[in-house]
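Here's the structure we're looking at; comments come further down.
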Amino acid sequence: MSSILIKNAQIVTMDQNNRILLGDILVEHDRIKAIGPDIQPPAGAKVIDATHRIVIPGFIQTHIHLCQTLFRGQADDLELLDWLKKRVWPLEAAHDGESLYYSALLGIGELIQGGTTCIVDMETVHHTEHAFTALAQSGIRALSGKVMMDKGDEVPTLLREKTSQSIQQSVDLLEKWHLHDEGRIQYAFCPRFVVSCTEELLVEVRDLSERYRVSVHTHASENRGEIALVEAERGMRNVVYLDHIGLANERLILAHCVWLNDEEKEIIRKRKVKVSHCPGSNLKLASGIADVPDLLDKQISVSLGADGAACNNNLDMFNEMKLAAVLHKPTHGPTAMKARKIFEMATIGGARAVGLEDQIGSLEVGKKADLAILNLNKFHAFPSAEVDPVSRIVYSASKTDVETTIINGKIVMENRIMKTIDEEIVLKEANRSIKRLLKRLPSIT
Ligand code: GUN
Ligand code: FE
């Protein structure tokens, strides 16, 4: 049995009592076996000296598009609907299996380097098999699915699916990948947003999610143009419509929720829908500012995500935490969105959003060993004396401070060396893939 002993760390547990401890963490196989002072290493254990290091639960990002990592810098300075129609949809349509594979690995590499250990990921229409292969190889924890889109005149022909095909392909992928590697990978149904989905598709997704007990991940109420389209076509506001067709429940994860009225907030609260706040994306796409302090006041589950590299342009939880912390202060005052609340959204809050709060999101005996070791012994995060470590993490730290990342008890990065992804090859293949993809782009209609 593989075991890892992390010695002499400052441990930010995020357990129910928010304990911060000095001591050791013993990992056996995929789980945390013990936390405490002076744990002796079992025979054959790998020992990591974490003196003057901080150990945190791995970050959980609840809205990511790995298929868009290759499009970093290809779709800047546009609003959502133009961004989709002019750039992102044609680019997604131009993917082949190989480009999707490297897009996913590039994104996963960035996530692991930044201490993210679990993602909710929305892929593109085709080639999703290759993204799952990358997820499986990399060791990251994920809920992922192919995007579903069976409606929309301005969608490239290549991305426009027949309803029955979209559903069949989703179910095929689910049957192949759901609960892969003892549950490290889960399937999630991913209708893109109401604008590009027929009611028939959405109703079928509702039934399938019920039958298989899996999450549904979609975009909702991100942009004013989007909600106007939904209202014109369905005669209801976006979230009211999702509830009307029976999709609003505790398995629904909604990215953005920038433009909600009180009725919609009440639906989200009552139905226990999960909100993924993506401040970096919302600012860059000029979408607006979600009223997160109000959602939190209403006891709604809000977690964090970077969205995709085509609209962020990083997949960096430190960036999202800092933005989420400072963004709401001018309107709600300086005590809104305190560091501890933000860190909770980035860890145990994300775990609750994906229904895995018994497994991940905090450092506790019996939970899966998903964690990051930070080295904050640097000018930008000092002094360390007399400071709450959570303040240092949320307000001062950055992704390059992550030294080592462990997921499911496996070291996926150690001292910044990637263990499951060949960094050199992925960087080289990412460049080759985007060049090839852009050559295919003019033939996309
Ligand atoms: N709405 C529909 N598709 C997308 C997407 O790919 N990204 C974002 N941010 N919003 C969307
Ligand atoms: Fe998105």
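For reference, positions follow the sequence shown, starting with 1. Whatever order the structure lists ligands and atoms in, that order sets their numbers, starting from 1.
Checked against the 6.0 Å centroid threshold, His256 and His219 count as a close aromatic pair.
Of the heavy atoms in Trp83, only side-chain atoms (C-beta onward) come closer than 4.0 Å to ligand 1. With a 4.0 Å heavy-atom cut-off, ligand 1 is reached by the side chain of Leu84 but not by its N, CA, C or O. With a 4.0 Å heavy-atom cut-off, ligand 1 is reached by the side chain of Gln68 but not by its N, CA, C or O. Under 4.0 angstrom from ligand 1, there are no non-hydrogen atoms of Val195.
Close N/O approach between Arg192 and ligand 1 is found [any backbone or side-chain N/O within under 3.5 Å]. Residue-to-ligand polar distances keep Glu92 apart from ligand 1: every N/O pair is separated by 3.5 Å or more. Considering backbone and side-chain atoms alike, Asp307 places an N or O below 3.5 Å from some N or O of ligand 1. Between Glu222 and ligand 1, at least one pair of N/O atoms sits closer than 3.5 Å.
Environment of CZ in Arg224: sparse, with no more than 12 heavy atoms of neighbouring residues, nucleotides or ligands closer than 6.0 Å. Atom CD of Glu175 is surrounded by more than 12 heavy atoms from other residues, nucleotides or ligands within 6.0 Å.
Coordination check, His63 versus the Fe ion (ligand 2): passed, since an N/O/S atom of the residue sits under 2.8 Å.
Short contacts between ligand 1 and Phe193, defined as distances under 4.0 Å to a heavy atom of the residue, involve ligand atoms 1 (N), 2 (C). Each of the atoms 9 (N) of ligand 1 lies under 4.0 Å from some heavy atom of His256.
Using a 4.5 Å heavy-atom threshold, the side chains of Met148 and Val205 count as touching. Within the 4.5 Å cutoff, the side chain of Thr347 has no heavy atoms near those of the Ile60 side chain.
Residue, atom and distance of the protein heavy atom nearest to atom 4 (C) of ligand 1 are His219 CE1, 3.2 Å.
One finds an angle of 90° at the Fe ion (ligand 2) between NE2 on His219 and NE2 on His65, to the nearest 10 degrees.
Considering Thr124, Leu66, Leu70 as possible partners of Leu100, the one that fulfils the side-chain contact (heavy atoms from CB on, under 4.5 Å) test is Thr124. Among the candidates Glu423, Glu403, Lys419, Met418, the single residue satisfying the side-chain contact (heavy atoms from CB on, under 4.5 Å) test with Met413 is Met418.
Not one N or O on the side chain of Arg31 forms a donor-acceptor pair closer than 3.5 Å with the backbone of Lys367.
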Item to complete: Give the C-alpha distance, both sets of side-chain angles, the deciding distance and a yes or no for ring pair (Phe, Tyr, Trp, His ring centres under 6.0 Å) between His63 and His277.
Response: CA-CA 8 Å; His63 184 57; His277 178 39; over 10 Å; no
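Its N, O or S atom nearest to the Fe ion (ligand 2) is what matters here, and for Asp307 that atom is OD1.
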